[in-house]
Amino acid sequence: MLGWDYSREFKCLANQRITDRLVRGSRDLNVVVIGTGYVGLVTGAVFADLGNDVVCVDKDSLKIEDLERGKMPIFEPGLEEMVKRNHADARLHFTTELKSAVQGGEVLFIAVPTPSKGDGGSDLSAVREVATGIARAMNGYKVVVNKSTVPVGTGDLVRRIISEHKVWSGEFDVVSNPEFLREGSAIQDTLRPDRIVIGAPSKSVAMTLLELYAPLERPMLITDVESAEIIKYASNCFLAARISFINLVADLCEQAGADVLQVAKGMGYDQRIGPQFLDAGLGFGGSCFPKDLESLIHTMRKYSIDPVLLEAAWKINQERVPRFFRKMTAVLGELEGKTIALLGLAFKPNTDDIRKAKAMELLKLLLDSGATVRAYDPQAMPRARELYPAVQYCDSVYEAATGADALVVATEWNEFRHMNLRRIRDVMRVPILFDPRNIYYSERYQKMGFVYHGMGRKAANSVQ
Ligand code: UGA
């Protein structure tokens, strides 16, 4: 079992190895990233940008063709430019051929989806498939790295699958190196992570990853594989629970005549608490927190541990949108025949991702109630249109607001913070502003004639 911090002694060792390589004039590492989703593509681009030779593999040939042509499968600030630059410099390659990629690689990252199964557990079929493919292609020593978010024990599973299927008689190692990047700031998070966690079976195996990450000069923690796997879930679920906690407090604030923005600020000044992830609102969505919370609950039950705290966080989150919707109907009455302007569809700003987006959940409730929805989002409309073609998608916030009986800001894009609310008021039929992300503070809006409803702020003091 390992369990030591990235000590000075260890850092010196890594630096020595890097210096040795430079003196020998050897090349940087050959890295293979399997899976070109959010994590895989960003990881591949950043490693290439650090000077490594990177091959990104995906079985989706259309995606690979698009990437070859410089077309990104997702919107992520800075990604397109980084991919194009490294591809043009021949450090970043795309292929559907797993076998040749594996044979040419030294470090193989598995970055494939691990979606929820019906029972809340993680579907590891893509991980299993890739592990089997690696085993069949392996022709020399490889370090296989689990980058996907996978339940504790998956490193061991991957090791067993490779051992069972490998045709090569030599050794290999399996490492857990969880990813902590956030959508919308993925490049920045990967270049400047708060920490890099390397769960490895031995010091020398950890060293390979350490060399790879050394140029970032960020804190590194070397652990055993299982601890690294749990660090990922514990971190995501802790943040999710924090959001549910502040949302629960928001409900109290609303009833008791307090303002959750002030309460969160007062809590956040305590250095033991800190200010981040205390934004009350519609709750957490996206492809990570909901899935990871379900998966950790499932894992806890598997080990006969009562996940009561996690279940509460889940339940609170499930109630956010229905609760807010009830508030809307209490203000607006019957929604049938009313027109609602919905600003924001993505699960958070700076992304086009609508997976488990709270804005989409709200959109569905609005449509089911018979309201006409005029929606606008800077990036997510094409994806939303595929699911809900009946919505009136607009080219601007002003177009969406035109003739509306109420306006809801469901995703806190910067563009919405700076819109001309006087102009909005003038084009709306009724100037009712629902602000469940609490992005508007100023008394200005009330003075302008808006009826304002925030989240966790009593109506009278909700506009300061
Ligand atoms: C999350 C983690 O923050 C990353 O560290 C992790 O790498 C990633 O999951 C993952 O596992 O891949 P992400 O889902 O991209 O990243 O987005 P976050 O910024 O964490 O937001 C998640 C959700 O929480 C969003 O719906 C957001 O609106 C909501 N949120 C966030 C709040 O409701 N309140 C807050 O104060 C903060």
Side-chain angles (χ1 to χ4, degrees), residues 35 37-43 74-77 79 111-116 122 146-151 177-190 192-197 228-229 231-250 260-261 263-265 267-268 273-296 313-314 316-321 324 344-362 380 409-413 416 436-439 455-456:
Y38 240 103
V39 169
L41 189 54
V42 172
T43 303
I74 45 170
F75 168 76
E76 180 63 37
L79 180 64
V112 292
T114 52
S116 277
S122 299
N146 262 332
K147 194 81 176 147
S148 308
T149 301
V150 288
N177 171 224
E179 182 52 63
F180 299 103
L181 64 81
R182 288 163 299 174
E183 293 188 21
S185 54
I187 297 283
Q188 194 50 29
D189 288 348
T190 310
R192 288 195 57 76
D194 287 350
R195 77 296 206 190
I196 294 156
V197 175
E229 290 171 336
I231 286 171
K232 169 69 189 198
Y233 279 97
S235 302
N236 269 10
C237 295
F238 186 83
L239 291 170
R242 205 175 141 104
I243 296 168
S244 282
F245 183 89
I246 198 66
N247 280 330
L248 192 63
V249 171
V260 71
L261 285 175
V263 173
K265 206 175 207 172
M267 289 167 64
I273 298 175
Q276 292 192 53
F277 279 70
L278 283 180
D279 293 331
L282 294 174
F284 52 85
S287 64
C288 303
F289 283 180
K291 168 178 77 75
D292 295 350
L293 191 55
E294 264 196 301
S295 177
L296 191 58
W314 175 262
I316 292 166
N317 197 54
Q318 291 295 87
E319 258 303 301
R320 293 320 286 166
V321 171
F324 183 73
L345 297 164
F347 86 96
K348 61 184 270 192
N350 301 323
T351 178
D352 60 352
D353 195 343
I354 55 169
R355 286 175 291 174
K356 293 259 156 63
K358 291 294 179 180
M360 295 300 290
E361 197 181 323
L362 182 61
V409 181
T411 312
E412 65 279 31
W413 284 89
F416 304 155
R437 298 288 183 180
N438 289 335
I439 65 173
M455 180 70 96

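Numbers here are sequence positions counted from 1. Numbering of ligands and ligand atoms starts at 1, following listing order.
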Chemist: With sequence neighbours excluded, tell me which residues meet salt bridge (Lys or Arg N to Asp or Glu O under 4.0 Å) with Glu294.
Modeler: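 Result, salt bridge (Lys or Arg N to Asp or Glu O under 4.0 Å) vs Glu294: none returned.
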Chemist: Which protein residues come within less than 4.0 angstrom of ligand 1, counting heavy atoms only?
Modeler: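 For ligand 1, the contacting residues are Glu179, Phe180, Leu181, Arg182, Glu183, Lys232, Asn236, Ile243, Phe277, Leu278, Asp279, Gly283, Phe284, Gly285, Cys288, Phe289, Asp292, Phe347, Lys348, Arg437.
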Chemist: Taking only residues two or more places apart in sequence or in another chain, which ones pass side-chain contact (heavy atoms from CB on, under 4.5 Å) with Ala228?
Modeler: Ser176, Pro178, Val197, Thr223
Chemist: Is there a donor in the side chain of Ser122 and an acceptor in the side chain of Thr114, or the other way round, less than 3.5 Å apart?
Modeler: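 Checked: Ser122/Thr114 side chains show no N/O donor-acceptor pair below 3.5 Å.
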Chemist: Please list every donor-acceptor pair under 3.5 Å in which a side-chain atom of residues 353-361 meets a protein atom from a residue at least two apart or in another chain.
Modeler:
{"unit_1": "Asp353", "atom_1": "OD1", "unit_2": "Arg355", "atom_2": "N", "d": "2.9"}
{"unit_1": "Asp353", "atom_1": "OD1", "unit_2": "Arg355", "atom_2": "NE", "d": "3.0"}
{"unit_1": "Asp353", "atom_1": "OD2", "unit_2": "Arg355", "atom_2": "NE", "d": "3.2"}
{"unit_1": "Asp353", "atom_1": "OD2", "unit_2": "Arg355", "atom_2": "NH2", "d": "2.8"}
{"unit_1": "Lys358", "atom_1": "NZ", "unit_2": "Asn317", "atom_2": "O", "d": "3.0"}
{"unit_1": "Lys358", "atom_1": "NZ", "unit_2": "Glu361", "atom_2": "OE1", "d": "3.3"}

Chemist: For Phe245, look at atom CZ and say whether over 12 heavy atoms of other residues, nucleotides or ligands are found less than 6.0 Å away.
Modeler: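 Result for CZ/Phe245: open.
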Chemist: For the residue pair Phe289 and Phe284, categorise the inter-ring angle as parallel (less than 30°), tilted (30 to 60°) or perpendicular (more than 60°).
Modeler: perpendicular
